[in-house]
Amino acid sequence: MSATPVTQLTPSSQPQQPSSPLLGASVTELTTWVQQQGQPAYRGKQLHDWIYHKGVRSLTDISVFSKQWRAAVADVPIGRSTIHYRSVASDGTIKYLLQLSDGEIVETVGIPTDKRLTVCVSTQVGCPMACDFCATGKGGYKRNLERHEIVDQVLTVQEDFQQRVSHVVFMGMGEPLLNTENVLAALRSLNQDVGIGQRSLTLSTVGIRDRISQLAEHHLQVTLAVSLHAPNQALREQLIPSARSYHIEDLLAECREYVAITGRRISFEYILLAGVNDLPEHALELSKHLRGFQNHVNLIPYNPISEVDYKRPSGDRIQAFLTVLQQQHIAVSVRYSRGLEADAACGQLRAKK
């Protein structure tokens, strides 16, 4: 997995500034950087520990470094955000609006259970995909997030909960496969620097032509979740504008190729919209697409947003859809989203209070 390197610096009597923040850099990169500052190599491991495990936000706060050197590198950014706003739901889910160094706001969610703490991270400021049922897409797109801005979301939630993060899902604002370089670098850092196992990392995509195949070449152990949301091309185009240039058959062919290359099962996300895509015939049509390769369907009852009039299906309608898939021997489960009243559930994220 590739990572964006800290800029190679020319040794000098004056501290050289990296072109990007230090968060997201590996212990090897940090060691190279401290040596270029005239410091001994072991300082790299110390710096790594203070950034990833002690949560330091400024190099001036690293007490094991000399005061003179701390003063010299005081302006070198680590790359941490500030909490602009937090909202706590009754189920313990917390939504955060994080302010980045350029003033942009991005959203992340901490989702606690008895045995784990999951973070839902964003990969872009806004989202260009404009899915019709999703609040994020209604706000437009501004820019990709850098690797440090993605990793920072996990560290921020971990610090606020005072609990180790066990799982990370790339299901927040943005389309991860339109920001592949930074997402891959963040995945590497979360795995190797923060210490979260690859199989506890989930990458979600609506499907970008050729990007799933490119991802397969990295042979990652992360879970790939593909947002399908419809059993046919016409309905998918209605819900997901980008589907007009990427036919559902081509997307599913790429998914089959991914499974063949990686040996990893794909998860298909399917938001159930009452009277739109939740009929038994839709379930039967969906099942025909999913035979012959390893996959699992996550059914997600729709979470309401103010901009559109979609409705959540009744419990009976959800069960009927589930039953049809089970009868067709499709692995399936229903995922009820957390954080609904805090607007922190799937499809509700937007960068404002």
Side-chain angles (χ1 to χ4, degrees), residues 1-82 98-104 106 121-125 143-159 164-165 168 176 179-198 201 217-218 220:
M1 194 184 303
S2 62
T4 305
V6 173
T7 302
Q8 296 299 306
L9 307 173
T10 303
S12 168
S13 58
Q14 296 298 318
Q16 303 294 304
Q17 306 303 310
S19 61
S20 59
L22 299 177
L23 183 61
S26 66
V27 67
T28 300
E29 291 172 315
L30 292 173
T31 298
T32 298
W33 182 73
V34 299
Q35 287 181 299
Q36 290 168 341
Q37 308 305 308
Q39 296 295 308
Y42 69 86
R43 293 293 191 201
K45 190 174 187 307
Q46 290 178 326
L47 179 56
H48 185 272
D49 183 56
W50 278 78
I51 289 175
Y52 293 104
H53 304 300
K54 292 184 169 65
V56 70
R57 290 174 173 268
S58 170
L59 293 182
T60 60
D61 295 329
I62 303 180
S63 58
V64 295
F65 294 166
S66 70
K67 289 183 179 179
Q68 180 180 3
W69 193 61
R70 278 186 276 167
V73 295
D75 293 334
V76 174
I78 286 178
R80 299 302 307 274
S81 67
T82 58
L98 304 181
Q99 187 168 34
L100 309 177
S101 60
D102 63 355
E104 294 290 354
V106 70
V121 300
S122 297
T123 56
Q124 296 178 311
V125 181
R143 68 172 176 86
N144 284 334
L145 293 183
E146 300 294 328
R147 69 173 181 182
H148 69 277
E149 294 171 325
I150 300 172
V151 176
D152 166 76
Q153 296 173 60
V154 175
L155 297 187
T156 296
V157 173
Q158 188 163 266
E159 291 166 7
R164 183 173 176 79
V165 169
V168 178
N179 188 17
T180 306
E181 181 178 355
N182 287 309
V183 165
L184 288 173
L187 285 170
R188 182 213 60 78
S189 185
L190 291 172
N191 175 227
Q192 298 180 17
D193 302 314
V194 181
I196 301 172
Q198 282 198 28
L201 303 171
E217 296 173 1
H218 292 272
L220 306 179

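Start at 1 with the first residue, then count along the sequence.
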Shortest non-hydrogen separation from A74 to T60 and the atoms involved: CB-CG2, 3.5 Å

Using a cut-off of 6.0 Å, state whether more than 12 heavy atoms not belonging to K45 lie near its atom NZ. no

From L155 CG over to R57 CZ, what is the distance, rounded to the nearest 0.5 angstrom? 8.5 Å

Look at E159 together with R164 and state whether they make a salt bridge at an N to O cut-off of under 4.0 Å. no

Output yes when a side-chain donor or acceptor of S189 lies under 3.5 Å from a complementary backbone atom of A185, and no otherwise. no

Here the pair of heavy atoms bringing A25 nearest to H48 is O-CD2, 4.3 Å

Quick check: do Q153 and L98 have side-chain heavy atoms less than 4.5 Å from each other? yes

Got a second to check how far T28's OG1 is from Q192's CD, nearest 0.5 Å? 9.0 Å

Which atoms form the tightest heavy-atom contact between P176 and V183, and what is the distance? O-CG2, 3.6 Å

Residue pair D152 / G79: nearest heavy atoms and the distance that separates them: CB-O, 3.9 Å

Would you call E149 and R80 a salt bridge, taking side-chain N to carboxylate O under 4.0 Å as the test? no

Would you kindly say whether N144 and Q124 are connected by a side-chain donor-acceptor distance under 3.5 Å? yes

Salt-bridge present (R143, D102; N to O < 4.0 Å): yes

Can you measure from CG (L100) to CD (E146) and round to the nearest 0.5 angstrom? 10.0 Å

How far does CG of L201 sit from CG of L220, to the nearest 0.5 angstrom? 9.5 Å

List the atom of R70, the atom of F65, and the distance in Å for their closest heavy-atom pair. NE-O, 3.0 Å

CD1-CG distance between I78 and D61, expressed to the nearest 0.5 angstrom: 8.0 Å

Go through the steps for V34 and W69 under the test side chain to side chain contact (heavy atoms under 4.5 Å, CB included), then give the verdict. CA-CA 10 Å; V34 299; W69 193 61; 4.2 Å; yes

Any L30 side-chain heavy atom under 4.5 Å of V27 side chain: no

Between G24 and Y52, the two heavy atoms sitting closest are N-OH, 2.7 Å

Is the closest basic N to carboxylate O distance between R188 and D193 below 4.0 Å? yes

